[in-house]
Amino acid sequence: GEVSNKHIYEALTPITARKAPRDDVLEFLHNEPDIVFDLLRRVYVGMEGLWTHMESLTAGNAYTKLVASLIILAKRFGKPAEKNNEIIVQLKLGEKDIANYAGMSRETASRELQKLKKQHFVDFENGRISIQNLKALEEELNI
């Protein structure tokens, strides 16, 4: 059956959105099982991020909400880069974007980001947030 979308989405990065006829999309998916498999894999990864995000929003404090949000954003939008022979993950998102995603004020996000910087989890340069060690940040969430 037909399901209408009742949600509003806000992109964190520039996008181009196109709408395809429903029947054409269904026929394409029916004829392309590899595409369907990749789509399901992506949905599963997205659901994992959604559950983590929901758990942090309902049970966490500002620190854990921000850490969970940074992990999800890094996995979804991060760009790996090398610095001092170590792999870091860069996010080209501002404090306001991260705060909105984490469900907190920009001021609270800024305060929590400063705590993460003091612990050497993140760094700020040229309008980017660099996650110094994503694995260590994930371990921080499991405290």
Side-chain angles (χ1 to χ4, degrees), residues 2-22 24-26 28-143:
E2 300 260 341
V3 177
S4 62
N5 181 13
K6 299 175 187 169
H7 304 283
I8 297 172
Y9 299 94
E10 180 180 352
L12 293 174
T13 59
I15 65 162
T16 300
R18 294 185 175 91
K19 184 176 179 180
R22 180 181 181 270
D24 291 353
V25 171
L26 292 175
F28 173 77
L29 293 174
H30 180 74
N31 294 326
E32 300 290 340
D34 290 345
I35 300 290
V36 174
F37 180 77
D38 184 60
L39 178 61
L40 285 174
R41 184 188 59 78
R42 290 171 182 254
V43 167
Y44 176 75
V45 169
M47 289 302 296
E48 277 298 308
L50 179 62
W51 287 120
T52 300
H53 190 63
M54 286 175 53
E55 288 170 2
S56 73
L57 290 177
T58 57
N61 57 28
Y63 182 82
T64 58
K65 288 178 188 181
L66 187 71
V67 170
S69 296
L70 284 173
I71 291 167
I72 294 165
L73 291 169
K75 288 181 176 181
R76 198 178 253 170
F77 301 109
K79 302 230 184 309
E82 189 173 323
K83 182 178 180 182
N84 301 329
N85 294 323
E86 291 185 25
I87 300 296
I88 61 170
V89 180
Q90 292 183 334
L91 286 170
K92 192 176 181 181
L93 298 171
E95 285 182 356
K96 184 176 183 232
D97 297 320
I98 292 168
N100 285 342
Y101 189 83
M104 61 182 62
S105 70
R106 189 201 56 75
E107 294 80 11
T108 300
S110 179
R111 188 172 49 251
E112 299 304 321
L113 282 167
Q114 288 301 324
K115 290 178 187 177
L116 290 170
K117 183 176 182 175
K118 285 179 185 175
Q119 297 175 70
H120 305 288
F121 285 121
V122 300
D123 199 8
F124 313 103
E125 53 187 80
N126 301 327
R128 295 174 193 247
I129 294 176
S130 298
I131 298 173
Q132 304 303 306
N133 184 332
L134 186 56
K135 197 70 162 167
L137 194 60
E138 289 175 319
E139 290 170 6
E140 180 72 3
L141 192 60
N142 293 327
I143 293 176

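All of these numbers come straight from a predicted model, not from anything done at the bench.
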| field | Enclosure of Arg41 CZ (heavy-atom neighbours >12, cutoff 6.0 Å) | value | yes
| task | For residues Val36 and Glu32, determine if any side-chain heavy atom of one lies less than 4.5 Å from a side-chain heavy atom of the other. | result | no
| said: Check this for me, if you would: do Glu138 and Lys75 make a salt bridge, where the nitrogen-to-carboxylate-oxygen distance has to be below 4.0 angstrom? | reply: yes
| message | Within the structure provided, determine whether Asp34 and Asp38 are in side-chain contact (heavy-atom separation under 4.5 Å). | response | no
| remark: Correct closest heavy-atom pair for Leu113 and Glu95 would be CD1-CG, 3.8 Å
| Measuring from Ser69:OG to Asp97:CG, what's the distance to the nearest 0.5 Å? | 12.0 Å
| Whether over 12 other heavy atoms sit under 6.0 Å from Glu107 CD | yes
| Can you name the nearest heavy-atom pair linking Ser105 to Ala99, along with the distance? | O-CB, 3.6 Å
| task | Measure the CG-CZ distance between Asn100 and Arg106 for me, rounded to the nearest 0.5 Å. | result | 11.0 Å
| note | side chain to side chain contact (heavy atoms under 4.5 Å, CB included) test vs Ile131 passes for just one of Leu116, Ile88, Leu91, Asp123, namely Leu91
| message | If you compare all heavy atoms of Ser130 against all heavy atoms of Gln90, which two are closest, and at what distance to 0.1 Å? | response | OG-CG, 3.6 Å
| Distance from Leu134 atom CG to Glu140 atom CD, nearest 0.5 Å? | 13.0 Å
| field | Shortest non-hydrogen separation from Gly78 to Val89 and the atoms involved | value | CA-CG1, 3.6 Å
| So do Leu29 and Ile35 actually touch side chain to side chain, heavy atoms under 4.5 Å? | yes
| request: Decide if atom NZ of Lys79 counts as having more than 12 heavy atoms of other residues, nucleotides or ligands within a radius under 6.0 Å. | output: no
| field | Reported CD-to-NZ distance for the pair Glu112 and Lys65, which is rounded to 0.5 angstrom | value | 10.5 Å
| field | Side-chain heavy-atom pair Glu10, Tyr101 within 4.5 angstrom cut-off | value | no
| query | At what distance, to the nearest 0.5 angstrom, does OG1 of Thr108 lie from CG of Asn61? | reply | 11.5 Å
| remark: Tightest non-hydrogen contact, residues Val67 and Leu137, listed as CG1-O, 3.7 Å
| request: Could you grab the distance from atom CD1 of Ile71 to atom CD of Glu139, nearest 0.5 Å is fine? | output: 10.0 Å
